[in-house]
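Predicted, not measured: the structure shown is a model, and the values here were computed from it. Protein chains get the first letters and strands the later ones, always in sequence-line order, with residue 1 at the start of each.
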Number of protein chains: 2
Amino acid sequence: MLEPGTLTDRICEQLKTAIVRGELAQGTKLNEPALANRYGISRGPLREALRRLEGLGLVVHVPHAGARVITLSRAEVLQIYDVREALEGMAARLAAVMMTPMEVEELRALLAQHACRIAAEGGRAYFQHEGDTDFHNRIACASRNPGLAQMLRGELYHRLRMYRYQSSQQSSRPERALQEHEQIVDAIAERDGELAETLMRRHIQRARRAVAEQLQSQPDQPPNFVAEETR
Amino acid sequence: MLEPGTLTDRICEQLKTAIVRGELAQGTKLNEPALANRYGISRGPLREALRRLEGLGLVVHVPHAGARVITLSRAEVLQIYDVREALEGMAARLAAVMMTPMEVEELRALLAQHACRIAAEGGRAYFQHEGDTDFHNRIACASRNPGLAQMLRGELYHRLRMYRYQSSQQSSRPERALQEHEQIVDAIAERDGELAETLMRRHIQRARRAVAEQLQSQPDQPPNFVAEETR
DNA sequence: AAGGACTTGATTGTCGACAATTGAAGCGTC
DNA sequence: GACGCTTCAATTGTCGACAATCAAGTCCTT
């Protein structure tokens, strides 16, 4: 395994995927010597990686008590959607003004690709989610607001991905979502920022509602549940 | 100087205020040995503090090249307002639903206090800014969405404070702002989330416009200007 | 036997030194 | 005189060890 970049970067990435995938379960105490040993590095880079993950909101850190993987309660998952609604709505509005014609075309091509996949394989969850994040990511970038894009791709994205992965939430309604995506692109193509924002917000509101319904039927861990065990 | 908390915390705080105040000018290269020496600590805690500041968006870090204080271009300052508009609008909408009657009363009391100060001293910039952030902060907390509140109080707040401090931007229009604040509280008191969001967004749009006008008349540093010197 | 203070173990926080990479100064060559 | 290469200093990245803090278990006291 060759090393691209510094140790802190690699460990951060590995821990990130481990947390998202649930290999490091929610609430897990992150023991520094144990983790450093496990990944074959020293505690220095590990601590810096943990600090970075703390900034991403994937880990909480209490002085003299160590770091723990966050625990996403039902309420917190829904709260993420509220923030997304606000930020992605604004992103769509800005994108309607800033996006180049070529980017609009590329976005249309992307959606056409999604349509093929959905038709072919009935919208398998994996492709659907990847495609969905791809779509939203492009709009975030097209807003030409790096801070906004970074918030969506950083804090929000990883936490949401963590929930999706672990609840194996399959995006019901892929056709519906695709249709909403197309409407959003249409609004952007017509440079109607107001409409693009409205459509995007409704799009995320519907997704939030779908998640809320699924959460309704699932048991929830206690509000501030903390798990033990490191490996 | 007794120590509340860990070294990393203290250094992080000191660096934060130094950056906001411009004592560490924008684009300054942050030399680790020099800084550690200056604050009388080792490089370990310093590096962790830098990583935390990186998460707050006050510092950029390039591998093998060190960390630098960010440089806020005009465009970036305005972009912060766009993000604020989206997030604080959502915060106001949520606050309208979640805020307790007592909190509404406290908010009203706060605004009454502001009114007195403005009448008495003509709205001195310092008090005005402190009061303004206090108002917005309370609404962020009242949204009962910790992630949302943290974004506003973290990344956005510090960067904006940095600009305000260094441009010695005096909030023109304190009376107008106060009036807008009162309208927002009224909407919240009537539990009209829709209206509260609209008013908050307009409020921030106006602030953004005022900043844009002031920026128009000021010279701007080159887009990716980088300054040397550490102390 | 129950409660509390003490001790002990483990974990985090901090430090100084070594290794690796970068950027620039100095030299030689064309 | 200008360009490219080599060498060197400085800075960042990494490591292992020591000190401080916290939590749990034990022992003593009442």
Walk me through it: do B:L87 and B:M90 pass the test side-chain contact (heavy atoms from CB on, under 4.5 Å)? CA-CA 5 Å; B:L87 289 180; B:M90 177 57 75; 5.8 Å; no
In whole angstrom, what separates [X]'s [atom1] from [N]'s [atom2]?
{"X": "B:N37", "N": "C:dA17", "atom1": "CG", "atom2": "P", "answer": "13 Å"}
{"X": "B:R51", "N": "D:dT12", "atom1": "CZ", "atom2": "P", "answer": "11 Å"}
{"X": "B:D9", "N": "D:dA20", "atom1": "CG", "atom2": "P", "answer": "18 Å"}
{"X": "A:H64", "N": "C:dT11", "atom1": "NE2", "atom2": "P", "answer": "16 Å"}
{"X": "B:L7", "N": "D:dA20", "atom1": "CG", "atom2": "P", "answer": "12 Å"}
{"X": "A:R68", "N": "C:dT11", "atom1": "CZ", "atom2": "P", "answer": "13 Å"}
{"X": "A:E32", "N": "D:dA17", "atom1": "CD", "atom2": "P", "answer": "17 Å"}
{"X": "A:L30", "N": "C:dA10", "atom1": "CG", "atom2": "C1'", "answer": "16 Å"}

[X] versus [Y], closest heavy-atom pair with distance:
{"X": "A:I70", "Y": "A:M162", "value": "O-CE, 3.8 Å"}
{"X": "B:A142", "Y": "B:M99", "value": "CB-CE, 3.6 Å"}
{"X": "A:A67", "Y": "A:V59", "value": "CB-CG1, 3.6 Å"}

Between [X] and [N], does any side-chain N or O lie under 4.0 Å from OP1 or OP2?
{"X": "A:K29", "N": "C:dT12", "value": "yes"}
{"X": "B:T6", "N": "C:dT12", "value": "no"}
{"X": "B:H61", "N": "D:dG13", "value": "yes"}

For B:E105, enumerate each residue passing the salt bridge (charged side-chain N to carboxylate O under 4.0 Å, His left out) test, keeping only those at least two apart in sequence or located in another chain.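 By the salt bridge (charged side-chain N to carboxylate O under 4.0 Å, His left out) rule, B:E105 matches no residue at all.
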Quick one: salt bridge (charged side-chain N to carboxylate O under 4.0 Å, His left out) partners of B:R201, sequence neighbours excluded?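 If we apply the salt bridge (charged side-chain N to carboxylate O under 4.0 Å, His left out) test to B:R201, skipping adjacent residues, the hits are A:E197, B:E85.
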Would the B:H181 and B:H114 ring centres measure less than 6.0 Å apart?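 Ring centres of B:H114 and B:H181 not closer than 6.0 Å.
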Of the residues in residues 40-49 of chain A, which ones touch DNA chain C at a heavy-atom distance under 4.0 Å?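 Close to the strand are A:R43, A:R47.
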Considering only C:dT14, D:dT12, C:dT12, which nucleotide approaches the side chain of B:N31 most closely?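 Minimum distance to the B:N31 side chain belongs to D:dT12.
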